[in-house]
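What follows is one structure encoded as structure tokens, with my remarks underneath.
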Amino acid sequence: MNLTRKKIVAGNWKMNLTLQESQSLVAELIGMIADEKKNDCEVYLFPSFIYINTLLRQTQETSIHIGAQNCSNKSTGAYTGETSIRMLSSVGCKAVLIGHSERRTYYQETNITSAEKINLAIEQHITPFYCIGETLNERNANQQFEIIEQQLNEGIFHLNADHFSKCVIAYEPIWAIGTGLTATIDQAQEMHAFIRNKITEKYSVNVAQQVSILYGGSCNEQNANELFSLPDVDGGLIGGASLKSRNFMNIIKAFQ
Ligand code: PEP
């Protein structure tokens with residue numbers, strides 16, 4: 001673990017939890033985090049759009065950051081059902097997940113739409129968490145590095161160094177998301193180091209040392225400690241295990 005990079009644990013709630021369940025989970029987390037004075041890891045929660053405003057108010061005096069799970073790739077206009085980055089900014093939202101594999105798989109989102117969303121997020125000073133990862137078929141065919149490089153090149157490497165430094169990368173092997181399968185520590189470290197090398201080649205060592213690269217894919221309280229102790233893993237993007245306050249808190253505590 002490099003001490004100069006931000007350590008981040010982020011919960012992606014996906015399409016789970018009612019408003020009341022969300023508020024209870026946040027209240028429990030606020031209490032638990034307040035008791036953990038030594039922990040310097042940044043905590044992000046990505047709830048449903050319709051709870052963002054309420055949860056922003058609930059977390060106002062705390063260290064918890066609230067983000068959105070997605071945003072439109074258009075800036076404004078006649079796009080029924082969409083939520084723009086300007087709307088997110090107007091309620092005080094500070095982060096957004098972009099290119100999550102479920103958006104890519106079920107809603108045909110691409111590296112190109114991700115790039116458009118990242119540009120809009122950067123314009124509004126919202127931190128993009130750019131999600132990348134290979135399928136099982138791609139890994140079995142040993143194409144994982146090619147796929148990740150393409151996702152970086154087409155989705156985010158058009159940014160200048162200053163803007164890129166403001167982003168977070170989440171490496172989430174698709175075969176590990178929600179499946180209970182986790183990348184081995186060798187697979188995780190190998191890919192995180194590969195991503196950091198690509199950032200060094202494109203920008204500089206300095207930029208590569210500033211950007212946090214999170215691991216996602218069945219990360220839980222049992223494996224978080226081992227994963228977070230890898231030199232190029234700066235935290236986790238957590239799905240299922242972020243839905244219970246105790247489980248999520250134990251993952252945050254894996255940083256101690
Ligand atoms: C995710 O969807 O970003 C994720 C990592 O999910 P899970 O932790 O449930 O595998």
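The basis for the numbers below is simple: all heavy atoms, side chains too, and nothing from hydrogens, waters or symmetry mates. By convention here, the first residue in the shown sequence is residue 1. Indexing begins at 1, ligand by ligand and atom by atom, following the structure's order.
- Ring geometry for His65 versus Tyr44: interplanar angle under 30°, hence parallel rather than tilted (30 to 60°).
- In terms of N/O distances under 3.5 Å, ligand 1 is approached by Gly178.
- With a 4.0 Å cut-off on non-hydrogen atoms, Ala176 touches ligand 1 through its backbone and not its side chain.
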Working for side-chain contact (heavy atoms from CB on, under 4.5 Å), residues Ile85 and Glu123: CA-CA 9 Å; Ile85 276 282; Glu123 257 173 54; over 6 Å; no
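- Atoms of ligand 1 found under 4.0 Å from any heavy atom of Gly217 (numbered from 1 in listed order, with element): 5 (C), 10 (O).
- When each of Glu82, Lys117, Glu109, Glu116 is tested with Asn73 by the rule side-chain hydrogen bond (donor to acceptor under 3.5 Å, both in side chains), just one qualifies, namely Glu116.
- Of all the heavy atoms of Ile177, the ones lying under 4.0 Å from any atom of ligand 1 are found in both the backbone and the side chain.
- The protein non-hydrogen atom at the shortest distance from atom 1 (C) of ligand 1 is His100 NE2, 3.3 Å.
- The single protein non-hydrogen atom nearest to atom 2 (O) of ligand 1 is Lys14 NZ, 2.5 Å, given as residue, atom name and distance.
- Of all protein heavy atoms, the one closest to atom 8 (O) of ligand 1 is Gly239 N, 2.8 Å.
- Taking the side chain as every heavy atom from C-beta outward, Thr62 and Ile33 never approach each other to under 4.5 Å.
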Going through the checks in order, is the side-chain contact (heavy atoms from CB on, under 4.5 Å) test met by Glu21 and Leu25? CA-CA 6 Å; Glu21 288 163 349; Leu25 176 41; over 6 Å; no
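- For Ala241, the closest heavy-atom approach to ligand 1 does not fall below 4.0 Å.
- Between Phe228 and Phe255, the ring planes lie parallel to each other; the angle is under 30°, not in the 30° to 60° tilted range.
- Between Tyr203 and Phe164, the ring planes lie parallel to each other; the angle is under 30°, not in the 30° to 60° tilted range.
- Polar contact with ligand 1: present for Gly240 (N/O pair, distance under 3.5 Å).
- Taking only nitrogen or oxygen atoms, main chain and side chain alike, Glu172 reaches within less than 3.5 Å of ligand 1.
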